[in-house]
Amino acid sequence: MSKVGLVVRNNAEQKAVNMCIEAHKWLNTKFGVDTKLTFSREVNWGNDVFYAGFYRDANKEIRINIRNLYGNSIKDILSVLGHEIRHAIQHKSDWLEKGYSSKGGDGKWESGNWKGKRYWGEYWTAPWEIDAREYQYKYADMAIKALGFQKDADTKLPYGSVTTKLKDETIDAFLKKNKSKTIQLLRAYDKRKKSNPNGFWWLDLKQTKYKEWNRETINDAYKKYAKFMEKQFVPYKTKKEKFGGFSLDDLRF
């Protein structure tokens with residue numbers, strides 16, 4: 001999910017947002033770019049994508065994703081800002097030409113024209129990413145020094161939490177308790193007939209008129225036994241884990 005326009009949760013986040021806004025204004029003026037800054041708390045392409053920010057030249061937007069910066073210092077966040085400012089400079093200078101794109105669901109592959117040469121390859125070795133990483137800390141340090149942020153730059157955001165579904169553990173516990181060899185585990189659906197990722201249905205041959213499980217009988221079971229299976233919904237067990245503290249070297253932005 002994505003939420004552009006951050007609802008601040010704590011004092012450290014408020015301090016980080018305020019400092020980023022001031023640093024963004026200063027860096028825009030310093031380097032003659034006209035970017036706008038937005039904040040979000042978002043998950044793209046699944047919970048495991050380490051996405052800390054981006055720059056979109058089409059609308060001059062820099063977005064900082066606070067969710068993947070939990071546990072990091074404000075200086076780290078300003079370094080992400082510096083990285084994106086560098087991308088804006090690259091576009092303004094025509095080093096990175098229009099037509100640049102990020103490929104793949106996790107943004108792993110990049111393609112574009114860099115200073116007249118075509119590149120297609122991994123994100124980490126894209127020349128514009130190498131260049132942006134070289135300058136991200138320099139720009140952050142410049143803004144921190146110019147704006148007198150040295151005292152608060154080391155303030156860290158609190159860690160967040162992520163809820164993990166224990167799918168295998170739930171299924172193993174269910175099968176251990178229910179030893180019938182004719183039980184079939186089935187995809188669950190909600191009342192809107194959309195797949196329910198929070199658990200599974202089950203049905204035993206003994207509860208049906210079928211003699212065996214196959215594609216035909218499984219499909220037929222969804223038509224004739226759906227209401228019955230709804231009552232046999234098994235929710236996945238979950239646990240909460242600490243989330244955050246990622247190294248900037250492991251984040252994409």
Side-chain angles (χ1 to χ4, degrees), residues 1-10 13 38-54 63-71 102-109 123 157-246 250-253:
M1 62 182 296
S2 172
K3 186 163 186 176
V4 180
L6 191 71
V7 176
V8 174
R9 293 181 176 176
N10 51 66
E13 280 190 5
T38 61
F39 298 90
S40 67
R41 201 185 307 276
E42 72 187 289
V43 181
N44 282 349
W45 312 306
N47 287 335
D48 295 329
V49 172
F50 301 132
Y51 169 86
F54 66 71
R63 187 178 301 176
I64 305 296
N65 181 16
I66 292 295
R67 179 199 181 259
N68 282 339
L69 290 163
Y70 293 155
S102 178
K103 303 289 185 181
D106 62 357
K108 182 178 180 180
W109 301 100
Y123 165 86
L157 299 187
Y159 276 78
S161 64
V162 60
T163 300
T164 303
K165 296 173 190 173
L166 304 176
K167 294 183 179 181
D168 292 340
E169 291 90 335
T170 304
I171 292 172
D172 289 345
F174 174 82
L175 294 177
K176 185 176 181 180
K177 181 179 179 181
N178 301 275
K179 298 182 182 298
S180 173
K181 295 182 179 180
T182 55
I183 284 179
Q184 181 72 34
L185 305 187
L186 299 162
R187 183 190 298 271
Y189 290 87
D190 61 23
K191 293 181 180 180
R192 297 175 296 174
K193 297 183 178 180
K194 292 186 177 182
S195 179
N196 185 345
N198 297 316
F200 62 89
W201 287 348
W202 67 274
L203 195 60
D204 197 323
L205 274 179
K206 299 172 185 177
Q207 299 171 316
T208 74
K209 65 178 183 179
Y210 311 126
K211 294 183 179 180
E212 65 177 2
W213 286 120
N214 54 46
R215 182 177 296 179
E216 183 178 346
T217 55
I218 289 173
N219 288 339
D220 192 61
Y222 276 111
K223 297 176 183 177
K224 296 180 178 178
Y225 294 94
K227 289 185 178 180
F228 182 75
M229 290 191 290
E230 285 178 6
K231 298 177 182 179
Q232 300 191 154
F233 175 76
V234 178
Y236 291 125
K237 297 177 182 178
T238 61
K239 69 175 180 179
K240 280 195 173 183
E241 299 177 300
K242 187 167 72 171
F243 183 85
F246 302 113
D250 296 326
L251 294 167
R252 294 187 177 94
F253 50 95

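Values below: all heavy atoms of this structure, side chains included; hydrogens, waters and symmetry mates excluded. Position 1 is the first residue of the sequence; numbering continues from there.
We find that E169 and K167 are not joined by a salt bridge, their nearest charged nitrogen and carboxylate oxygen being 4.0 Å or further apart.
When every heavy atom of G199 is checked against every heavy atom of A188, the shortest pair comes out as O-CB, 3.8 Å. Residues D190 and N196 share a closest heavy-atom pair of N-CB, 4.1 Å. Taking every heavy atom of both residues into account, A221 and W213 meet most closely at CB-CZ3, 4.2 Å.
With hydrogens and angles ignored, the 3.5 Å screen pairs no side-chain donor or acceptor of Q207 with any backbone N or O of L203. Between the side chain of R41 and the backbone N or O of N68 there is no donor-acceptor pair closer than 3.5 Å. No donor-acceptor pair closer than 3.5 Å links the side chain of D220 to the backbone N or O of E216. Looking at T170, its side chain does come within 3.5 Å of a backbone N or O of K237 through a donor-acceptor pair. Side-chain N or O atoms of K165 include one that pairs as donor or acceptor with a backbone N or O of P197 at under 3.5 Å. Counting only distance, with no hydrogens or angles, the side chain of T217 and the backbone of E212 share a donor-acceptor pair below 3.5 Å. Put simply, the side chain of K179 gets close to the backbone of K176: a donor and an acceptor are under 3.5 Å apart.
Counting only heavy atoms from C-beta outward, the side chains of Q232 and W201 never approach each other to under 4.5 Å. Within the 4.5 Å cutoff, no side-chain heavy atoms of T238 are placed close to those of T164. Between S40 and L6 the shortest side-chain heavy-atom distance does not fall below 4.5 Å. Between Y236 and L166 the shortest side-chain heavy-atom distance does not fall below 4.5 Å. Inter-residue side-chain proximity for F246 and Y70 is flagged as unmet; no heavy-atom pair is nearer than 4.5 Å. Counting only heavy atoms from C-beta outward, the side chains of Y225 and K209 approach each other to under 4.5 Å.
With F253 as the aromatic partner, R63 does not meet the cation-pi criteria of under 6.0 angstrom to the ring centre and within 45 degrees of the ring axis.
A distance of 14.0 Å separates OG1 in T182 from OH in Y210, rounded to the nearest 0.5 Å. The CZ atom of F233 sits 12.5 Å away from the CG atom of L186 when rounded to the nearest 0.5 Å. With rounding to the nearest 0.5 angstrom, the CG atom of L205 is 10.0 Å from the CD1 atom of I183. For the atom pair NZ (K206) and OG (S180), the distance works out to 4.0 Å, reported to the nearest 0.5 Å. Going from atom NZ of K177 over to atom CG of D172 covers 15.0 Å, rounded to the nearest 0.5 Å. To the nearest 0.5 angstrom, I218 atom CD1 is 4.0 Å from Q184 atom CD.
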Any chance you could lay out the side-chain contact (heavy atoms from CB on, under 4.5 Å) test for K239 and T163, step after step, and finish with the verdict?
CA-CA 6 Å; K239 69 175 180 179; T163 300; over 6 Å; no
Walk me through it: do I171 and L175 pass the test side-chain contact (heavy atoms from CB on, under 4.5 Å)?
CA-CA 6 Å; I171 292 172; L175 294 177; 3.9 Å; yes
Evaluate S161 against E241 for side-chain contact (heavy atoms from CB on, under 4.5 Å), listing each step before the verdict.
CA-CA 5 Å; S161 64; E241 299 177 300; over 6 Å; no
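Between F174 and W202, the ring planes are tilted. Angles from 30° to 60° get that label.
Within the 6.0 Å centre-distance limit, the rings of Y222 and Y189 are counted as a close aromatic pair. Two rings, from Y123 and W109, have their centers 6.0 Å or more apart.
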